[in-house]
Amino acid sequence: MAGFQSLPGFRDFYPEDFSRRQHIFRVWRQTASAFGFQEYDAPVLEPLELYKTKSGDEIEAQLFSFKDKGDREVSLRPEMTPTVCRMVGAKAGALKRPIKWFSIAEFYRYERAQKGRLRAFHQFNADIFGEAGPEAEIELIALLVQCLAGFGLTKDDFYVRLSDRDLWFFYLEALGFNEEQSRALLTAVDRFEKMGDDAFKGYAEAHGALPADQKDKVLAFLKVKGLAELEATLAPFKSDKLSARLTDWRKVLAGLAAMGLGDFVCVDLAVVRGLAYYTGFVFEAFDRKGDLRALAGGGRYNDLVKKLGGPDLPAVGFAIGDVTTGLLLEQRGLAPAHVTAPDVYVVIGGEAERKAAFADIHALRAAGFKAEYPFRELAFGKQFKAASESGAKLALIYGGDELAKGIVKVRNLTDRTEHEVPKNQVIAAVRDSLSGD
RNA sequence: GCGGUCAUAGCUCAGUUGGUUAGAGCACAAGAUUGUGAUUCUUGGGGUCGCGGGUUCGAAUCCCGUUGACCGCCCCA
């Protein structure tokens with residue numbers, strides 16, 4: 001027990017853990033594929049500069065970064081977005097639009113590990129490039145919902161909060177704030193849910209105290225919880241920008257409602273999402289109970305591909321994490337049982353019978369059946385016990401008596417019936433017995 | 001990076017004011033059972049009590065340090 005252990009925030013995946021992880025990946029992959037997204041992958045190690053360019057120099061504190069032996073500044077990837085922007089940007093001219101891509105990959109962040117937040121974790125990333133309209137948001141939010149609903153989670157388990165950074169900027173502009181003030185206010189909005197009034201301290205220090213009537217308007221906007229309320233709040237403002245945004249909002253909500261997903265999505269302008277390269281809609285998925293970290297997050301980032309050296313290409317994307325998703329599935333009893341049961345367990349009389357059994361065991365496996373047998377000679381009683389414990393549906397009995405008659409006994413371990421089949425028809429007999437149920 | 005709680009077998013835990021060789025249940029393995037699965041019984045493997053140091057005749061127990069997990073702060077792409 002002493003000796004080595006895994007690094008803090010890193011996990012070992014024992015077979016049982018691995019099968020839970022695979023189940024999560026399988027649902028994500030199937031769902032993305034049904035939505036017409038194509039899978040890609042990319043290097044785990046990237047130039048450090050890629051992340052600094054996207055997020056600023058401060059980001060290095062949260063990275064697994066180092067100098068390689070060629071003196072290059074590199075970092076394990078903390079997220080997929082810059083990488084996929086680089087990839088798409090490099091070939092944007094040759095890719096058919098809209099570009100719908102997804103990936104399932106491991107990421108690394110040098111942070112203090114807590115429940116639901118580790119240093120190494122997996123994310124499902126889905127992005128749409130080349131579509132400036134809200135149709136891309138509809139597609140992605142629908143995908144996000146289905147990526148969680150695919151596990152059996154319902155509208156009572158999770159929901160998606162939809163907000164809009166552009167709408168906030170246009171609204172604050174209409175209230176008379178300049179861009180710098182607006183950014184400071186959005187930081188306050190982001191923290192308001194957690195800190196309450198103290199969230200505005202930072203703004204007051206930089207730009208002076210916020211007049212009471214202005215603050216009321218900001219708080220009122222932050223508390224908007226529906227489209228009708230949003231429209232009413234914005235009605236007094238004669239702004240083309242605001243009315244254009246409202247048109248997009250109606251499209252997104254109407255589209256999702258038409259897909260039957262209205263109950264999964266709510267308007268919630270309190271969401272603005274932290275470090276902001278987002279340029280329009282932003283959204284986050286949470287469990288309804290609210291005792292877990294965010295399940296997923298994403299939004300539009302129209303400027304990023306260009307910022308990273310590519311063409312001017314609009315983009316929207318989101319990521320779902322495996323850690324929080326796994327915790328939620330566990331809580332709701334939706335984590336699948338770890339199943340290792342073979343299709344058939346072969347009971348072998350003794351050394352003499354072993355060779356005859358081996359021929360059929362291998363033929364069964366080559367035909368795609370999961371076949372198990374005991375490595376060592378065991379009493380029949382033991383073997384039947386082992387067969388039963390293995391979870392196999394069938395036992396094939398290769399005893400001296402049977403082989404002398406040129407047959408094999410097939411025992412149904414569920415109803416405990418037995419029948420004999422000619423040895424040269426074992427595979428067909430197994431296929432028949434298994435297709436029965 | 002800062003504060004708090006915790007750490008005994010693979011898992012869940014017990015372990016008295018510091019006192020002999022640290023225990024239980026579950027799990028795992030063998031046997032009772034050499035041609036049919038249950039139950040039961042017996043037996044076994046597995047611990048330098050997270051790690052290092054200190055106090056003491058004696059430490060799982062007290063003290064200091066350290067590592068890790070969890071909780072809160074910062075951050076959350």
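Chain letters run A, B, ... following the sequence lines, proteins first, then strands; residues in each count from 1. Bear in mind the structure is a predicted one, so any value in this text is a computation, not a measurement.
- By the 6.0 Å and 45° rule, A/Arg77 does not stack over the aromatic ring of A/Tyr108.
- The listed nucleotides are B/G37, B/C70, B/C75; the one nearest the side chain of A/Lys115 is B/C70.
- Nucleotides B/U40 and B/U33 are separated by 13 Å at their C1' atoms, to the nearest Å.
- In this model, a side-chain donor or acceptor of A/Glu402 finds a partner on the base of B/G35 within 3.5 Å.
- Closest contact between the side chain of A/Arg191 and the listed nucleotides B/G68, B/C75, B/G35 involves B/C75.
- Pairing partner, B/U42: B/A30, with both Watson-Crick or wobble hydrogen-bond distances short of 3.5 Å.
- Of all nucleotides listed (B/G31, B/C71, B/C76), B/G31 comes nearest to the side chain of A/Lys382.
- Considering only the side chain of A/Gln114, B/G72 comes nearest among B/G72, B/C76, B/U36.
- Checking B/G37, B/G35, B/A77 against every side-chain atom of A/Lys385, the shortest atom distance belongs to B/G37.
- Separation of the P atoms belonging to B/U12 and B/C71 is 16 Å when rounded to the nearest angstrom.
- Between B/G47 and B/G4, the two P atoms lie 35 Å apart (nearest whole Å).
- Taking 4.5 Å as the limit, some side-chain heavy atom of A/Glu60 sits within range of a side-chain heavy atom of A/Lys52.
- Closest to the side chain of A/Ser55, from the set B/A77, B/C70, B/G37, is B/A77.
- Of the candidate nucleotides B/G35, B/A77, B/C74, B/C74 has the atom lying nearest to any side-chain atom of A/Arg117.
- In this structure, B/A77 forms no base pair with any nucleotide, since neither Watson-Crick nor G-U wobble geometry is met with both distances under 3.5 Å.
- Nucleotide B/G25: paired with B/C11 (Watson-Crick or G-U wobble, both distances less than 3.5 Å).
- Side-chain proximity of A/Phe384 to B/G37, B/G68, B/A77: nearest is B/G37.
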Exercise for review: With side-chain contact (heavy atoms from CB on, under 4.5 Å) as the test, would you mind laying out the steps for A/Tyr278 and A/Arg300 before giving the verdict?
Suggested key: CA-CA 5 Å; A/Tyr278 288 113; A/Arg300 183 167 280 279; 5.6 Å; no

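- Using cut-offs of 30° and 60° on the angle between ring planes, the pair A/Trp28 and A/Phe25 is parallel.
- Nucleotide B/G19: paired with B/C57 (Watson-Crick or G-U wobble, both distances less than 3.5 Å).
- Partner assigned to B/G3 is B/C71, using Watson-Crick or G-U wobble distances below 3.5 angstrom.
- Between B/C75 and B/G65, the distance separating the two P atoms is 29 Å to the nearest Å.
- By the stacking rule of 5.5 Å between ring centres and under 30° between planes, A/Phe380 stacks on the base of B/G35.
- Between B/A69 and B/A77, the two C1' atoms lie 26 Å apart (nearest whole Å).
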